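Since the structure comes first, as structure tokens, the remarks are kept for the end.
Because only heavy atoms are used, hydrogens play no part in the values below, and waters and symmetry mates are left out as well, while side chains stay in. Source: prediction; values computed, not measured. Order of the sequence lines sets the chain letters (A, B, ...), proteins ahead of strands, with each chain counted from 1.
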Protein chains: 2
Amino acid sequence: MKAMAPHAVLLVDDDLDVLGANSRFLRAHDIDVLVADSAEAAFHRLAEHPIDVIVTDLRMPKCSGLEFAAQVRESRPLIPVVFFSGYAQLSDVVAAMKLGAVEFLEKPVEPDELLQVLHRLRQSYQGMLASPRQAFEGLHQGYSLKMRVLAYEKYLIESCLIEHEGNIAAVLDSLQINRRTLNDKMIRLGISRTALISREDE
Amino acid sequence: MKAMAPHAVLLVDDDLDVLGANSRFLRAHDIDVLVADSAEAAFHRLAEHPIDVIVTDLRMPKCSGLEFAAQVRESRPLIPVVFFSGYAQLSDVVAAMKLGAVEFLEKPVEPDELLQVLHRLRQSYQGMLASPRQAFEGLHQGYSLKMRVLAYEKYLIESCLIEHEGNIAAVLDSLQINRRTLNDKMIRLGISRTALISREDE
DNA sequence: CACCGGTAGGCAATTTTTTGCCTATTTCAT
DNA sequence: ATGAAATAGGCAAAAAATTGCCTACCGGTG
């Protein structure tokens, strides 16, 4: 599978050794990595580059991973965040998950595990990596409820289509929806099955 | 105002002492408690009584709390589940949260803490929507499209209500929606304006 | 007390969505 | 070539959501 969409990861950790090792490992596996050794640096990267996933240490001097993630949510409410930490309290994990963490890994992070997580994310987010996500995040304020809900519905259908490689029957089953209804929705929302699946196997 | 909605808690734990102590405590605080000492028993209670919240031990013989919760999700996708456990692995906590746990408490459970959690649930989020990502991902797949879209819509309306401190006129404007429609949606989705704003200024 | 602004419900007309039934097209294997 | 399976579209009935209009309640104020 080629990278049909940029998959840029922002790696945040105050430990430069960890940062270096992990970023080298990920780069060796064809993942675009940006690094930051502090929350401030991370915000700069975020402002200047299109970032798809954030992987951050929970414990950092000054600004904890939780605070950092909470702030990021202000501008990028939907960006997936993966936390890791060596000695996490149960309450930290709960807080992180409530904040929308997609994963929480134990430090030291197994490079392979991280890679696996990123691959899983890439898969499930493909639908929005292209256009929908921007539409989505841009849509976050000032748009009508209907617009936002439709954007979300579009995203759901697209990801499901991709996940099932364009197999309509499987999508119907997974989404528990009437075939006729799905077809209509796809037309209304401008979803092209063929475009999605052809993009898949590039 | 008294509890305008029945608030029945199903307490699941294989330790009968814990079960007895906690249920007595909660009953003394005006909460309807049903108990079950196994997943099977819990399913019976669920089938026979209207239950609003489930509080379950993570570790149980036969069927773990996670499996139990996953099965419950099949029939009651939106019911809030609170887990507790004495020696939880990080991965358990993450799995539980992904499954839509609203809280994860450490065992032994502080009765007061549990009570507080239940009060918070009663007052506001009777659903599961604590974070955008939960709404967004719809958690595990396997929910119908309709369910996931509704969950997202509920989340959007609730956040907007909170953001505008319960000012309906402002919400109407922000969401660009008809007043009558918003009222209907709130009823359908089980959103209580008063609960949300009273929770806000606690 | 009467009035006003903000909120909410009843009801019916209207609009939109969903669904079922039937048919067309494409692809793939026999 | 023929048939089976998967995907789509037309169309109309049925169901659901939206809307406007009117009324009602509540808390504060003149």
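Qualifying side-chain hydrogen bond (donor to acceptor under 3.5 Å, both in side chains) partners for A:D57, counting only residues two or more places apart in sequence or in other chains: A:K107. When the side chain to side chain contact (heavy atoms under 4.5 Å, CB included) test is applied to B:A169, the partners found at least two apart in sequence or on another chain are B:N167. Applying the side chain to side chain contact (heavy atoms under 4.5 Å, CB included) test to A:V109 and every residue at least two apart in sequence or in another chain returns A:F84, A:L105, A:L114. Take B:D92 and apply the salt bridge (Lys or Arg N to Asp or Glu O under 4.0 Å) test, not counting sequence neighbours, and it matches B:R59. Listed by chain and residue number, A:E40, A:A41 satisfy the side chain to side chain contact (heavy atoms under 4.5 Å, CB included) test with A:S38 (two or more places apart in sequence, or in another chain).
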Under-3.5 Å N/O pairs linking protein and nucleotides 15-19 of chain C:
| from | atom 1 | to | atom 2 | distance (Å) |
| --- | --- | --- | --- | --- |
| C:dT18 | OP1 | A:K185 | NZ | 3.1 |
| C:dT18 | OP2 | A:K185 | NZ | 3.4 |
| C:dT18 | OP2 | A:R188 | NH2 | 3.2 |
| C:dT19 | OP2 | A:T181 | OG1 | 2.8 |

Any N/O pairs under 3.5 Å between the protein and nucleotides 23-29 of chain C? List them or say none.
none

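Here the rule is side chain to side chain contact (heavy atoms under 4.5 Å, CB included) with A:L145, and of B:T181, B:V171, B:L156 only B:L156 fits it.
In this structure, B:L26 and B:V55 have side chains that are not in contact, with every pair of non-hydrogen atoms separated by 4.5 Å or more.
Evaluation of the salt bridge (Lys or Arg N to Asp or Glu O under 4.0 Å) test over residues 109-118 of chain B, restricted to residues two or more places apart or in two chains, returns none. Counting only residues at least two apart or on different chains, the salt bridge (Lys or Arg N to Asp or Glu O under 4.0 Å) pairs with a member in residues 179-188 of chain B are B:E153-B:K185, B:R180-B:D184.
In this structure, CG of B:L172 is placed 8 Å from P of C:dT7, rounded to the nearest angstrom. When the C1' atom of C:dT7 is taken as reference, atom CG of B:L161 falls 12 Å away, rounded to whole Å.
With values rounded to the nearest 0.5 angstrom, B:I191 atom CD1 is found 7.5 Å from B:L182 atom CG. Note that the CG atom of A:D30 and the NE2 atom of A:H119 stand 8.0 Å from one another [nearest 0.5 Å].
Note: B:F104 and B:F83 have parallel aromatic rings, judged against thresholds of 30 and 60 degrees for the angle between ring planes.
At its two ends the helix from C:dC1-D:dG30 to C:dT30-D:dA1 runs along axes set 10° apart, each axis drawn from five pairs and the angle rounded to 10°.
On the nucleic acid side, DNA chain D contacts chain A at distances under 4.0 Å to non-hydrogen atoms, with the end points of that region at D:dT7 to D:dC11.
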In a table with atom names and distances, give each donor-acceptor pair under 3.5 Å that connects a side chain of residues 11-20 of chain B to protein atoms at least two apart or in another chain.
| from | atom 1 | to | atom 2 | distance (Å) |
| --- | --- | --- | --- | --- |
| B:D13 | OD1 | B:D15 | N | 2.9 |
| B:D15 | OD1 | B:D17 | N | 2.9 |
| B:D15 | OD1 | B:V18 | N | 3.2 |

